Structure formats: C-alpha cells, structure tokens
Amino acid sequence: QLQLVESGGGLVQPGGSLRVSCEVSGGILDFYAIGWFRQAPGKLREGVACSSVSGGRTLYAHSVKGRFTISRDNTKNAVYLQMNSLKPEDTAVYYCAADRSGFVCNDPGIYRHEYDYWGQGTQVTVSS
C-alpha cells in the first residue's frame, strides 16, 4: 500500500518562500504521477501542480504558475513543491496525492478524482 507523508508547512510572511515535501513509501516513485492539492477553509480542494509518471510532464494551476515549482527526487522517493512569492490567498492545507495511471496529469487540468493515494496534509499559512 502506497503511503504519502507531507512535511514542511508553516507560517511565512507575504512575499516569502516555503518548500513542502512529500515522502513516498511502499512503492517506486517513478511509477507514479504525483499531484499537489490545497484546501482553504470553506473552499473545495483544488489542484495546484502535478508531475506525470516518470516526471515527463508538469502542470500548474493558473493561480500559481511562475511562482510554484514541483520536482521529484527518485533517489529519496520524495516530491517537493517550492513556493515563492507567497500570497495570503495561498493559505491552505496542502496535500500530495499519487496515482499509477499514465493518463494522469494531462492537460487541461489537475483533477482530484484521478488520484488514488493521499497524504494527511500540511498547513501553510501566509500572513504578516
């Protein structure tokens, strides 16, 4: 059974940077597409970024494009989301998710229902 554990969340000032991590166990990371999602209070969970199986494709939500970068380190079985130029509206619980399908992380979007495995989330708060 694949397991995902997020870490690295915290409090950061507007304009600052933060990197959240997702450690994957129980499987080989390269075989999985990975998505990062976030959910703010009272809002639906939304896709932020994804990396396809073997990392061949990446997609970003329009709201984070140019500020966030998804990357993976297969030697550590870990995926990262580097977040720069953070805004208060980026405040949310951030989740990583995984799926073995080669069709996941295709244009036009990052869809929650495509992912079978989920972590518990890590809180990111952007505030002065």
Side-chain angles (χ1 to χ4, degrees):
Q1 181 77 2
L2 198 73
Q3 293 186 327
L4 298 86
V5 179
E6 302 93 336
S7 63
L11 174 64
V12 61
Q13 292 187 342
S17 297
L18 198 65
R19 189 180 79 163
V20 290
S21 303
C22 174
E23 292 190 17
V24 179
S25 60
I28 299 173
L29 177 60
D30 206 37
F31 293 172
Y32 291 85
I34 301 292
W36 280 100
F37 292 77
R38 67 185 181 187
Q39 188 165 17
K43 294 190 176 181
L44 296 175
R45 193 171 298 187
E46 62 172 349
V48 174
C50 65
S51 171
S52 64
V53 170
S54 300
R57 291 186 307 273
T58 56
L59 290 177
Y60 295 92
H62 179 75
S63 59
V64 307
K65 207 167 189 177
R67 300 188 298 123
F68 290 12
T69 303
I70 186 171
S71 62
R72 56 169 79 204
D73 185 339
N74 288 338
T75 64
K76 296 182 179 180
N77 248 30
V79 182
Y80 307 101
L81 184 68
Q82 177 67 44
M83 304 182 288
N84 299 329
S85 302
L86 282 162
K87 306 175 182 179
E89 52 263 43
D90 294 317
T91 295
V93 177
Y94 283 72
Y95 300 88
C96 64
D99 195 88
R100 284 207 67 167
S101 172
F103 296 103
V104 172
C105 193
N106 274 315
D107 277 328
I110 306 164
Y111 302 112
R112 178 180 179 178
H113 69 268
E114 292 183 328
Y115 294 83
D116 283 340
Y117 304 97
W118 290 82
Q120 293 302 305
T122 186
Q123 175 71 46
V124 173
T125 303
V126 185
S127 175
S128 54

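Please read these numbers as outputs of a predicted model, since none were measured by experiment. Side-chain atoms are counted along with the backbone in the values below, which use heavy atoms only and exclude waters and symmetry mates.
The nearest pair of heavy atoms linking Ala40 to Thr91 is CB-O, 3.6 Å. Between Glu114 and Cys105, the closest heavy-atom pair is OE1-N, 4.0 Å. The two atoms that bring Gly9 and Val124 nearest to each other are CA-CG2, 4.1 Å, heavy atoms only. The heavy-atom pair separating Ser128 from Pro14 by the smallest distance is N-CD, 3.7 Å. Between Gly109 and Leu59, the closest heavy-atom pair is O-CD1, 3.9 Å.
Here Trp36 and Phe68 keep their ring centres 6.0 angstrom or further from each other.
Note that Arg19 lies in the cation-pi zone of Tyr80, set by a 6.0 Å cut-off to the ring centre and a 45° limit from the axis. For the pair Arg45 and Tyr95, the cation-pi criterion (under 6.0 Å, within 45° of the ring axis) is fulfilled.
Rounded to the nearest 0.5 angstrom, Thr58 OG1 and Lys65 NZ are separated by 9.0 Å. Rounding to the nearest 0.5 angstrom, the gap separating the CH2 atom in Trp118 from the SG atom in Cys22 is 11.0 Å. Between the CG atom in Asp99 and the OG atom in Ser52 there is a gap of 12.0 Å [rounded to 0.5 Å]. Atom OH of Tyr60 sits about 4.5 Å away from atom OG1 of Thr69, to the nearest 0.5 Å. The structure places CZ of Phe37 at 12.0 Å from CG of Leu81, a figure rounded to the nearest 0.5 Å. From Leu2, atom CG reaches atom CZ of Phe31 across 12.0 Å, with rounding to the nearest 0.5 Å.
Note on Val79: it does not cluster hydrophobically with Val104, by side-chain heavy-atom contacts below 4.5 Å among ILVMFWY residues. There is a path of hydrophobic side-chain contacts, each under 4.5 Å, that joins Val24 to Tyr32.
Residue Gln82 qualifies as enclosed at atom CD: its count of foreign heavy atoms under 6.0 Å is above 12. Around the CD atom of Glu23, the shell of radius 6.0 Å holds no more than 12 heavy atoms that belong to other residues, nucleotides or ligands.
The shortest side-chain heavy-atom distance between Ile110 and Val48 does not fall under the 4.5 Å cut-off.
Salt-bridge annotation for Asp90 and Arg38: present, with a side-chain N of the basic residue lying under 4.0 Å from a carboxylate O of the acidic one.
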